[in-house]
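Quick notes on the structure that follows.
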Amino acid sequence: MDGGGGSRNQGRSSRFRGPGNPSRSSRSDLRPSLPGTSDRRRPPSAVAENPTVEDRGGPFIGTCPDMCPAKERAQRERLRDLSAFERLNGNPGKTSSSLAVKKFCRTISASEMAVADIRPLPVLQDTLRYLFRLLETSGYQFEMVHDFVFDRMRSIRQDLSLQHIVNDQAIQMYEEMVKFHIIANHKLPKNSDKSLHHLNMEQLTKCLISLYDMYAINRKSNSINKNEAEFYSFYVLLHLGSNSQGDSLSLWFRKLAYPIVTSNEMCFARSLLRYFRLGNYKRFFSTAATEVSFLQLCLIEPFLNELRALAISYINYSCYKLHSYPVAHLSVILMMKETETESLCEACGLEICIDEDGNRFLPTKQTGFSLPRGFQNYSFQGFDRFEREVCSFDLAI
Amino acid sequence: MSYYLSVGEAHRRITEYLNRFSDAVQSQDGRSLKSLLSVSSPHLVSLADALLIFQDWGRLIKNSQQLNDVLQHHLRALHSFRTGRFIDAYNAYERSANAFLLEFRNWESAWAMEAVYAIAYEIRVLAERADRELASLGKTPEKLKGAGSFLMKVFSALTGKGPKRVGALYVTCQLFKVYFKLGTVHLCRSVIRSIETARFFDFEEFPKRDQVTYMYYTGRLEVYNENFLVADQKLTYALKNCNPRSEANIRMILKYLIPVKLSVGILPATSLLQQYNLVEYINVVQALKSGDLRLLRHALQEHEDRFLRSGVYLVLEKLELQVYQRLLKKIYIIQKTKDPSKAHQIKLEVLVKALKWLEKDMDVDEVECIVAILIYKNLIKGYFAHKSKVVVLSKHDPFPKLSGKPVNS
């Protein structure tokens, strides 16, 4: 569902170009001045001074010098449709060329789009750099910056694809945007709105697929792009728990180029996949805690609790009834705090007992086990290695 | 050859073809029409040569001629095909095929079914050649995708209640071939649903040949989704009903049926693997027999590319659990010869050592984890004691056989 982000909040749904915009359509007095509509009714003589993408026919290079076209800027100032990051001195009706960033707008046809509103590659690179800087320095809550960057990055991708830019620079931009979504998946507050994570994952998947297309276009004979294997391996980690939903990983592997399948990055991802599919929780968690990169860890994070719960069910089922399983040991294996292990066992419908010395145990062969529908936010000790990464965004273009 | 062809002879061949075409349509002779509508088959080469000599063939097709649209484009396709221009040939053939389909829809009976088969086959094969030509010119191959859309149109023209239904499975199989080649296998789903939910047409009424192909492809899909029971059923059906003399087809089916059978605990004889040249499975089977985890890894590594390409790699990887089961059983048997009274207790340390010997580094915790999984999945009956680090096997049937059922999930 492209543009799913649109319905998320008011800010995003106010498509300044959309003719039937729900949030603005009531203000019919403003509509004639919307760039989109005015473009369409433009007299033929205007073509020469303000060409649209359609007029150009074939490939074109946008001419917008700023992060946000002047027309959109003026428009949004008038509509007071400025994000907190775009307001000049906090004024909701005033922005500047160094603050405003072009919004994502879903439906644009070539006839409505002026070449002057499309940013060329160098401007797009600068825009992306600006957004990444904002992530580091804004001081706002991550959710809020994410919301802004999420939308503005989509607009960057749109400008790239409108101009059919698929070169190395574009690839690099996509790679960084993929990374952003991966890290965001970890940084978005876990107990908040589930749809935030969902939308983030959706854009992540879309970015990855586009990136794979770009790699394919740029592939020269047998050589592969330097980061290609790494970014392909992300796909495997994203689909660790994929239960047979048509396009299984088996089918996906069939299509991959051999140098990618056998790359170190892919082999590592495939071994994690093997541990996960086998249920080998011990090896999965110890590998995840010591050998994975920060990005890989962010990707597998959503699967950790699922496997932990599975581990508990294995142990509960298979362990000798007269020897309860020590929670302390279970915590070491599952790489979580003892209190969290206890809470997870309880979430699985299992009781915990305490001996005279205050040690906690999981009595086994309990019959009440059930896989929880959702999980609380449990820590994973593997993240301790990445203190610096957790606190910052290590993105660069 | 075409050098020696006189204009008169060329003219004669073309008119003869047109007459035969007319006759076939007039007398509703689907079989004759079929051979007249192919492009790639050799028996139209002489006609194609005639088209090269008698350039003005277009005027020989009378406006009153039935299906004259079909003919115009078809001859153009033949002409381009003969001169090795496959993109042009495809484009013309697609037009011809569309024109034919338009007429076919209006016919009550299914007399032209054979011709539809020919078209469904030809358009796919032609599209593949056209795509190769496109790729060599540095352009995007897109014709096979186009052929897929055309075949979908044919499919929907056949899936009504009438007598044409009998052809639906053939077209489905051609669609499978397109989708598997394009890697857009998810598109098979709607076609499968349509075939499998049709109440008014019994699967057994389709031609045997199409049944086998259909079961082969849908069986493969089930392998990818690891639905082993259904995969087993479909592929076994294909095996039982395919032409027993076609070794190549049997091999293709076995390539997928063997990993399925292994997953449900049924091992093939080595002679079978040798007879059908499926030697890549020999060591996998050997690993399962001997509990040799190292051998399993090596076998998977050795034929990694082949297994990944055919899409069975992940299925074979899952056999690891059965190999663990076998290893434990071997240890149990050895212990039994030494001290029958204690054989049913296996120390986790012993397992660690055995695995070390197989070049697999695992600590006691990981071995405990593997044992817990084996017990949970009913590959072992018994329990493990965490404190004393030992597996205690049930006295009765400690290593249950899968015998046709997949490992519990």
Chain B contact via A/Leu256 - side chain, backbone, both or neither, heavy atoms under 4.5 Å: backbone
Whatever's closer than 4.5 Å to a heavy atom in chain A on B/Ile370 counts as side chain
Pair A/Tyr378, A/Ser343: side-chain N/O donor-acceptor within cut-off below 3.5 Å: yes
Side chain, backbone, both or neither of A/Thr262 within contact of chain B (heavy atoms, under 4.5 Å): side chain
ring-ring contact (aromatic ring centres under 6.0 Å, His included) partners of A/His323, counting only residues at least two apart: A/Tyr320
To the nearest 0.5 Å, what is the distance between SG (A/Cys207) and CZ (A/Arg157)? 3.5 Å
Leading residue by heavy atom contact count with chain A [cutoff under 4.5 Å; candidates B/Glu320, B/Met362, B/Lys377]: B/Glu320
Side chain, backbone, both or neither: which part of B/Tyr313 has an atom under 4.5 Å from a heavy atom of chain A? side chain
Go through the atoms of B/Arg306 and report whether side chain, backbone, both or neither lie under 4.5 Å from a heavy atom of chain A. neither
If you tally heavy-atom pairs under 4.5 Å between each of B/Ile380, B/Val392, B/Leu374, B/Ile375 and chain A, the highest tally belongs to B/Ile375
Strictly by side chain to side chain donor-acceptor pair (under 3.5 Å), give each pair with a member in residues 357-373 of chain B just once, sequence neighbours left out. A/Asn280-B/Glu366, A/Lys282-B/Asp363, A/Arg283-B/Glu366, A/Tyr325-B/Glu368, A/His329-B/Asp365, B/Arg294-B/Glu359, B/Glu368-B/His386
Any chance the rings of A/Phe285 and A/Tyr275 have centres within less than 6.0 Å? no
Between B/Ser310 and chain A, which part of the residue has a heavy atom less than 4.5 Å away: side chain, backbone, both or neither? backbone
Which value, rounded to the nearest 0.5 Å, describes the distance between A/Lys337 atom NZ and A/Leu344 atom CG? 13.5 Å
Segment of A/Ile333 engaging chain B (4.5 angstrom heavy-atom cut-off): side chain
